[in-house]
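Here the structure is laid out as structure tokens; the discussion comes afterwards.
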Amino acid sequence: MFNYADKVAVEHTLVADSPVMWRDLWTGEALHPRPIASLTVKLEAGLSSRAIIMSAVS
């Protein structure tokens, strides 16, 4: 997800068919402590980006 230099802060809601673990692509950090089906991500005003992946729960 990208936000450009002249844009205000925005939120995006990511949705999966079933509960998954949401993680930051670059750090591997879990973005929620347990599997969930949707995640709201905020991008700050100005130049901002996030790379998020989801992994299935076994």
Please check: side-chain N/O of Trp22 versus main-chain N/O of Ile36, any donor-acceptor pairing under 3.5 Å? yes
So how far is it from [X] [atom1] to [Y] [atom2], rounded to the nearest 0.5 Å?
{"X": "Lys42", "Y": "Ser48", "atom1": "NZ", "atom2": "OG", "result": "10.0 Å"}
{"X": "Thr40", "Y": "His32", "atom1": "OG1", "atom2": "NE2", "result": "10.0 Å"}
{"X": "Asn3", "Y": "Glu44", "atom1": "CG", "atom2": "CD", "result": "9.0 Å"}
{"X": "Leu14", "Y": "Met1", "atom1": "CG", "atom2": "CE", "result": "5.0 Å"}
{"X": "Glu11", "Y": "Leu43", "atom1": "CD", "atom2": "CG", "result": "9.5 Å"}

same_hphob_cluster(Ile53, Val41) at 4.5 Å side-chain heavy-atom cutoff: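 Different hydrophobic clusters.
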Please tell me whether Ile52 and Val10 are part of a single hydrophobic cluster in this structure, the criterion being side-chain heavy atoms less than 4.5 Å apart. yes
Go through the structure and list residues passing side-chain contact (heavy atoms from CB on, under 4.5 Å) with Pro35, not counting sequence neighbours. Pro19, Met21, Val57
If you compare all heavy atoms of Val20 against all heavy atoms of Met54, which two are closest, and at what distance to 0.1 Å?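 Residues Val20 and Met54, closest heavy atoms: CG2-CB, 3.6 Å.
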